[in-house]
Amino acid sequence: GAQVLSMAMGKGAGLAIVASLLLVSVSAEVFFQEDFEDGWEDRWVKSSFKGGDEGDWKHTAGKHYGDENNKGIQTGTDYRWYDLSAATPDFNNKDKTLVLQ
């Protein structure tokens with residue numbers, strides 16, 4: 001939790017404020033996470049809505065990477081439709097902020 005520092009305003013007050021802000025802990029619950037490691041195609045459903053206009057997904061580290069083993073997915077063809085979905089567990093974010101990244 002947040003800790004409140006009480007002190008007289010002085011030369012070190014700015015530093016104390018910064019230090020107190022660093023003491024605030026942040027916690028979050030992760031409801032869904034995907035690293036696109038081996039088997040990712042079994043966890044995701046590719047749409048067939050557009051039939052032959054659907055593009056292919058590539059499992060790749062990309063053209064410019066720091067670690068060739070850290071892969072994600074990339075659209076494979078220009079001018080195609082790309083639809084992908086995955087099941088998520090049930091969750092309730094009532095009165096909470098939902099952050100999607």
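On a predicted model such as this, the values are computed, not experimentally measured, just so you know. The basis for the numbers below is simple: all heavy atoms, side chains too, and nothing from hydrogens, waters or symmetry mates.
Ser47 contributes a side-chain N or O that, together with a main-chain N or O of Phe49, makes up a donor-acceptor pair within less than 3.5 Å.
Comment: Glu41 engages Lys46 in a salt bridge, judged by a side-chain N to carboxylate O separation of less than 4.0 angstrom.
Of all non-hydrogen atoms in Arg43 and Asp38, the two that sit nearest each other are NH1-O, 3.7 Å. Between Asp35 and Gln33, the shortest heavy-atom contact is OD1-NE2, 3.4 Å. His59 and Phe36 make their closest contact through NE2-O, 2.5 Å (heavy atoms, listed as atom of the first residue, atom of the second, distance). In this structure, Phe32 and Ala86 approach most closely via the heavy-atom pair CZ-CB, 3.8 Å. Between Glu34 and Trp44 the shortest heavy-atom distance is OE1-NE1, 2.9 Å. The two residues Ala61 and Lys71 have their closest heavy-atom pair at N-CG, 3.7 Å.
The shortest side-chain heavy-atom distance between Tyr82 and Trp57 falls under the 4.5 Å cut-off. Within the 4.5 Å cutoff, side-chain heavy atoms of Leu84 are placed close to those of Ile73. Contact check for Arg80 versus Thr75: no side-chain heavy atoms found under the 4.5 Å cut-off. Contact check for Asn93 versus Phe91: side-chain heavy atoms found under the 4.5 Å cut-off.
Residue Trp81 is not grouped with residue Tyr79 when hydrophobic side chains (ILVMFWY) are merged at heavy-atom distances under 4.5 angstrom, including chains of intermediate members.
Interatomic distance, Glu54 CD to Thr77 OG1, rounded to the nearest 0.5 Å: 11.0 Å.
Asp67 meets the side chain to side chain contact (heavy atoms under 4.5 Å, CB included) test with Asn69, Asn70; sequence neighbours excluded.
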